[in-house]
Protein chains: 2
Amino acid sequence: MRPPPLTPSEASRPAEAFPAHTPAAAQIFTIVLSHGPLTRAEIARRAALSPAAVTKAVRPLIELGYLLEDADDEHRRALGRPANLVRVDGGRALFLGVKVTGDEIIAVLADLCCRIRVARRVPLGDRRAEGVLATLSGLVLELLAEAEELGAPVKGVGIAVSGDVDRAEGLVRYSPFLEWRDVPLANLAAMTVGLPVTVDNDVRALTVAEQWFGAGVGLADFALVTVGAGIGCGLVVGGRVVSGAHGVAGEIGHLSFDPAGPRCHCGNRGCVEAVASESAIVRDVRAETGIDVADAAQALELAHRGDPGARAVYARAGAVIGRAIGAVVNLLGPERVIISGEGLAAYDLFAAEIKGAFAASAFGAAARCDVTTCPLPFEEWARGAAATAIQSFIRADSRDGRG
Amino acid sequence: MRPPPLTPSEASRPAEAFPAHTPAAAQIFTIVLSHGPLTRAEIARRAALSPAAVTKAVRPLIELGYLLEDADDEHRRALGRPANLVRVDGGRALFLGVKVTGDEIIAVLADLCCRIRVARRVPLGDRRAEGVLATLSGLVLELLAEAEELGAPVKGVGIAVSGDVDRAEGLVRYSPFLEWRDVPLANLAAMTVGLPVTVDNDVRALTVAEQWFGAGVGLADFALVTVGAGIGCGLVVGGRVVSGAHGVAGEIGHLSFDPAGPRCHCGNRGCVEAVASESAIVRDVRAETGIDVADAAQALELAHRGDPGARAVYARAGAVIGRAIGAVVNLLGPERVIISGEGLAAYDLFAAEIKGAFAASAFGAAARCDVTTCPLPFEEWARGAAATAIQSFIRADSRDGRG
DNA sequence: CGCATTCTTTTCTGTTGTCAATAAAAGAAG
DNA sequence: CTTCTTTTATTGACAACAGAAAAGAATGCG
């Protein structure tokens with residue numbers, strides 16, 4: 001249950017273990033990580049532990065430099081001993097996050113607080129595992145060199161891949177975009193980069209990032225909906241990211257609300273992806289306006305210029321997304337839904353329809369759910385991967401799971 | 001964290017505490033409860049504990065009679081010391097389960113293994129809280145008298161109510177059928193019956209019963225779909241029953257897959273309940289056949305006699321239910337979906353359509369989900385309530401939560 | 001300057017669960 | 001019939017974790 005004590009040689013190695021011996025220590029660190037600087041007393045309250053336990057857990061973390069302490073000058077209460085704030089030293093450790101898509105690899109170097117320090121993207125010629133692995137290794141080495149200059153050790157690598165991914169096994173079971181089946185990516189990558197590697201589904205990785213560092217902080221139940229080339233959804237229920245019994249969950253893109261809708265590549269009609277994905281929107285804008293827009297950007301521009309046909313296409317997409325969110329909310333009753341993704345560029349065209357369709361389909365108390373958006377710069381997917389690496393680092397041996 | 005030690009007077013009271021001091025003990029008891037007789041070695045494996053810990057946790061439970069031990073004559077392995085099986089003594093304690101509907105109260109007396117010993121139902125004239133409480137108390141007293149004869153102490157009462165129920169607070173926030181708002185039912189009932197009372201949503205209660213004693217045993221992710229007067233859904237994700245941030249979850253009945261479908265009382269069109277609930281089916285059978293069937297039973301009989309119009313109505317209902325199950329499966333990727341409810345009487349009319357629509361809408365690996373049915377005698381809802389009472393009894397003070 | 005107040009640390013103690021050794025209960029082998 | 005092997009169960013020593021209580025620290029207030 002508990003990791004064996006470190007031998008001297010292990011302890012002096014650069015890749016020393018994270019000193020969160022006990023689940024309580026990992027929980028405390030996670031709380032400080034997500035909820036910014038806190039006093040020990042506040043940590044004790046949030047973790048439902050005694051102040052003594054917090055002091056004891058915090059000490060080794062401070063000694064090894066993962067936590068920093070300073071006086072709380074801001075909100076000094078009138079009375080009593082002034083509190084000391086405890087916060088995470090982001091610069092203490094670095095992590096690599098890598099997002100692999102069908103045609104490029106995006107990698108970021110993030111610190112322990114998951115702030116991006118360096119970002120890189122590289123096009124991908126060969127989709128076969130060996131080729132991808134070679135490109136990936138090159139990119140990782142490049143970022144490791146950058147990390148060298150920042151003077152902090154890189155403690156882990158996270159890789160995000162779309163499709164059916166088994167994080168525990170580090171296995172990509174099936175990835176349609178890459179045309180991979182049963183690729184033991186974590187082991188392969190760990191071999192070539194010499195660091196612990198965490199592999200997870202891309203949407204789940206993004207969800208972890210939101211849960212620990214984003215709009216999902218402190219929420220036990222929320223959903224993250226990504227709109228872009230595909231429509232995805234990450235779910236957090238009871239503080240845990242949902243993976244499903246077979247490794248697949250949050251497949252919001254193939255919900256269908258209209259049996260007469262356009263045909264989807266999955267074989268059904270009216271799927272959310274068949275209406276609201278980038279390719280579907282481009283297709284529909286062409287059909288509706290007769291203008292041969294080349295890609296999503298052009299379609300978007302056309303709609304922004306006020307073309308009624310194009311606007312109607314976006315409105316339809318928004319309505320379908322809103323209904324899909326309504327379905328998620330009715331089923332799971334989350335506290336918040338975060339909409340994100342490249343498709344958010346068109347949010348002004350969507351927004352009213354999304355909110356309208358959501359409000360109409362949410363039932364009862366579920367409608368109290370807060371629907372927000374969160375911009376998604378291109379490195380965000382890779383940052384999600386870094387978040388999974390941080391997660392793995394913190395609880396290298398202690399399973400916990402609350403956000 | 002731990003309950004205070006019992007004073008002598010408390011210890012000698014009939015309602016002595018359950019001796020599951022530690023979370024591990026509660027976990028062990030739960031494992032034995034759901035997974036039938038087990039050897040200590042097997043319990044240790046399942047609970048990820050050392051055999052020593054199991055021995056220590058089991059002893060007081062045997063001493064107080066909650067567990068029984070006997071030799072394992074069945075599957076004697078060739079070699080080694082013969083194992084002793086540990087099992088729960090169902091007769092050691094009794095629980096009351098009560099289901100309150102708009103027009104009747106159903107109550108059962110169940111043992112610790114959640115086997116029903118006695119069942120009663122009483123019509124309900126007055127839906128106001130005081131009237132219901134009076135009828136409920138009468139029924140409870142009646143069953144307590146029966147319990148007297150069985151010679152085992154009644155340790156708790158569970159009450160299941162449809163609508164928005166806060167189990168932790170014992171509060172019925174809103175129940176449309178009863179027209180209740182913010183009724184502190186647990187406290188009120190505890191006052192009149194003098195026993196610990198657990199109040200929960202009816203579908204969640206049924207889900208707990210399936211998770212601990214039914215088709216959901218051992219599954220970390222499953223869904224229970226009830227078909228009847230309404231269409232409901234209980235969800236278990238990561239071993240925990242989903243309640244949603246606002247107390248509402250599993251609202252499958254108001255998913256809509258057809259914007260042109262019949263209008264639903266919630267204001268939308270094409271909701272599952274507007275197509276597949278008993279009242280919708282009766283309405284549609286009348287419209288389709290021109291025969292003025294009085295209720296669901298007559299509609300069912302008509303369909304069973306082969307009337308094509310009636311059969312078409314059931315087929316439509318089945319298709320919608322199948323799509324709803326598909327949505328649940330795509331979102332959560334459960335291992336199994338259990339279909340139950342009074343409407344199951346028509347399952348032969350539904351089945352093909354449900355399976356077809358489910359198979360068509362399930363995406364990728366999610367389709368590996370197993371779809372089963374589970375008959376639902378009328379007392380089953382009340383049994384679910386009893387299961388929640390058992391659950392509360394076992395972890396009176398230790399929070400755990402895995403099934 | 002003492003006092004109240006709040007945050008933090010220390011010391012002590014009890015609980016819990018693991019470890020390793022041992023006992024128990026068989027069949028198998030000689 | 002004895003001894004060995006194999007598996008299950010128990011025991012007692014031990015380590016570690018977290019809580020309680022009390023003391024310590026750092027401030028404002030009268």
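Below, each value reflects all heavy atoms present in this structure, side chains not excepted, and no hydrogens, waters or symmetry copies. Quick caveat, the model's predicted, so the values are computed rather than measured. Just so we're on the same page: letters track the sequence lines, and every chain starts at 1.
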Polar-atom pairs under 3.5 Å, protein N or O versus N or O of nucleotides 4-6 of chain D: list them with distances, or write none.
{"from": "D:dT6", "atom 1": "O2", "to": "B:Gly80", "atom 2": "N", "distance (Å)": "3.2"}

Check for me whether A:Arg336 meets the cation-pi criterion with A:Phe222, that is, NZ or CZ under 6.0 Å from the six-membered ring centre and within 45 degrees of the ring axis. no

Determine the minimum heavy-atom distance between A:Trp212 and A:Ser34, stating which atoms define it. O-OG, 3.2 Å

I'd like to know if A:Arg92 and A:Asp111 make a salt bridge, using a cut-off of under 4.0 Å between side-chain N and carboxylate O. no

Report yes if some heavy atom in the side chain of B:Leu67 is under 4.5 Å from a heavy atom in the side chain of B:Asp89; otherwise report no. no

Check B:Arg40 with B:Glu69, please: is the shortest side-chain N to carboxylate O separation under 4.0 Å? yes

Looking at C:dC19, C:dT9, D:dA9, which one has an atom nearest to any side-chain atom of B:Arg40? D:dA9

Which heavy atom of B:Ala245 sits nearest to which heavy atom of A:Pro334, and what is that distance? CB-C, 3.9 Å

For B:Ile28 and C:dG17, give me the distance from atom CD1 to atom C1', rounded to whole Å. 10 Å

Please determine if a side-chain N or O atom of A:Ser50 lies less than 4.0 Å away from the OP1 or OP2 oxygen of D:dA20. no

Would you say the side chains of A:Thr388 and A:Arg204 form a donor-acceptor pair under 3.5 Å? no

Which nucleotide in the list D:dC17, D:dT27, C:dT9 gets nearest to the side chain of A:Pro51? C:dT9

Any side-chain heavy atom of B:Val242 sitting closer than 4.5 Å to one from B:Val236? no

With the threshold set at under 4.0 Å for non-hydrogen atoms, list the residues of residues 53-62 of chain A touching DNA chain C in residue-number order. A:Thr55, A:Lys56, A:Arg59

Could you state the atom-to-atom distance from CD of B:Glu42 to C1' of D:dT8 in whole Å? 12 Å

Measure the distance from CD on A:Gln27 to P on D:dA18 and round it to the nearest whole Å. 9 Å

Mind calculating the distance between CZ (A:Arg45) and P (C:dT6) to the nearest angstrom? 11 Å

Considering every strand and a 4.0 Å limit on heavy-atom distances, what is the contact class for B:Ala41: base, sugar-phosphate, or nothing? sugar-phosphate

Checking B:Gln391 against B:Arg167: is there a side-chain donor and acceptor pair closer than 3.5 Å? yes

